[in-house]
Number of protein chains: 2
Amino acid sequence: MTQMNKRRPTTPKQAAMRRNPVDDLLDPELFKALGDKTRVRLLGCLAKCGRPCAVGEIAQCCSVDLSVVSRHLALLARAGVLEASKSGRTVSYAVRFGEVSSHLRALADAIDACCPEGSRDDMSATCCRPA
Amino acid sequence: MTQMNKRRPTTPKQAAMRRNPVDDLLDPELFKALGDKTRVRLLGCLAKCGRPCAVGEIAQCCSVDLSVVSRHLALLARAGVLEASKSGRTVSYAVRFGEVSSHLRALADAIDACCPEGSRDDMSATCCRPA
DNA sequence: CCTACTCTTGCGCCATGACACAAATGAACA
DNA sequence: TGTTCATTTGTGTCATGGCGCAAGAGTAGG
């Protein structure tokens, strides 16, 4: 049984004391990076392209100024979502596929682990979980 | 074989045209809700507690005014992360465990699916994927 | 070196959002 | 009905953040 038998705290305040994987995985800085329409568009564009792309190239995906795109990409890189690489005078950004998806899955697992048995309202979420 | 054999577009602009699951799953509104320090704290607190909690109760988890907590919780509910239920004069919020975790996993899958074979840099991400 | 090219940075403008405090709503209960 | 309790909503203030434009930094080529 991987099922923990820690007693559940009664109040949210007590619960807040308990260390839990969600504390680290629910990173506001990461989600802030994904919380902008333009940035999400750039990210989706880059993900669907599936290869490192130059800043100028990526900028053609949306109608904002190149300088704005540059800033957004740098921010996404700082948040760990993208990886930058420089070659000559062109800077390319690529999605950190593995890091991002494994972070998201770890968070999903951590959230599920918080859910008391029987109150799980979506059974498609049992994938990846040790039951 | 679930492996698609769609040719990959060369430019990000072309890639942006192609419909892809990430387009819907990368929802800025959802991530904006998770992109605030206080809100994330409330959410983590509520998740770790694992049961519906009253607003006043949850407010004790952080040092901001009760009215601020009320607004944050309403926002998280609007974003689909929490569910509100009223009983008498107390309003309780609970984490929508199944919805949230399955959304995150679906996004992780969609992102992985964008990743060209062989460039996956984190092999722990192969869980849940049809290879 | 001077120019062209790619990207980044400085700056000002405006919109959004987080916060505290106070007032209002709404439900239970004497 | 009037009071009390739990929560929401109104309002003003301040900080953050996205944007365009212009200038700067770094690289390649004549």
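The analysis underlying the following values was restricted to heavy atoms, covering all of them including side chains, and did not include hydrogens, waters or symmetry mates. Chain letters run A, B, ... following the sequence lines, proteins first, then strands; residues in each count from 1.
The shortest side-chain heavy-atom distance between B:Y93 and B:S85 does not fall under the 4.5 Å cut-off. Considering only heavy atoms from C-beta on, A:V40 stays 4.5 Å or farther from A:D36 through its side chain. Inter-residue side-chain proximity for A:H103 and A:L30 is flagged as met; some heavy-atom pair is nearer than 4.5 Å.
Less than 2.5 angstrom separates the SG atom of B:C45 from that of B:C61.
Nearest-nucleotide mapping onto DNA chain D: of A:D65 and A:S87, the residue sitting toward the 5' end is A:D65.
Here D:dC5 presents its C1' atom at 15 Å from CD of B:E57, a figure rounded to the nearest Å. Nucleotide D:dC19 holds its C1' atom 8 Å from the NE2 atom of A:H72, rounded to whole Å. In this structure, A:L73 places its CG atom 12 Å from P of D:dC19, rounding to the nearest Å. D:dT16 atom P lies 17 Å from atom CZ of A:R71, rounded to whole Å. If you take CG of B:L82 and P of D:dT7, they are 14 Å apart, rounded to a whole angstrom. Distance, B:K32 NZ to D:dG18 P: 10 Å, rounded to whole Å. Atom pair B:L75:CG and D:dT8:C1' shows a separation of 14 Å (rounding to whole Å applied). Spacing between atom CG of A:D36 and atom C1' of D:dG17 amounts to 9 Å, rounded to whole angstrom units.
Taken to the nearest 0.5 Å, the CG atom of A:L107 stands 11.5 Å off from the OG atom of A:S102.
Counting distance only, with no hydrogens placed and no angle test, the side-chain atoms of A:R41 and the base atoms of D:dG18 include no donor-acceptor pair under 3.5 Å.
Under a 4.0 Å N-O distance rule, the pair B:D112/A:R105 qualifies as a salt bridge. Of the charged side-chain nitrogens involved, at least one lies within less than 4.0 Å of a carboxylate oxygen, so that B:R51 and B:E57 count as a salt-bridged pair.
Within the nucleic acid shown, A:A54 comes within 4.0 Å of sugar-phosphate atoms alone, with no base atom in reach, counting heavy atoms only. Residue contacts shown for A:S67 include a base, since a base heavy atom lies under 4.0 Å away.
Candidate nucleotides D:dC5, D:dT7, D:dC19 were compared by shortest atom distance to the side chain of B:R89, and D:dC5 ranks first.
Taking a heavy-atom distance under 4.0 Å as the criterion, the stretch of DNA chain C touched by chain A extends 5' to 3' from C:dA4 to C:dC11.
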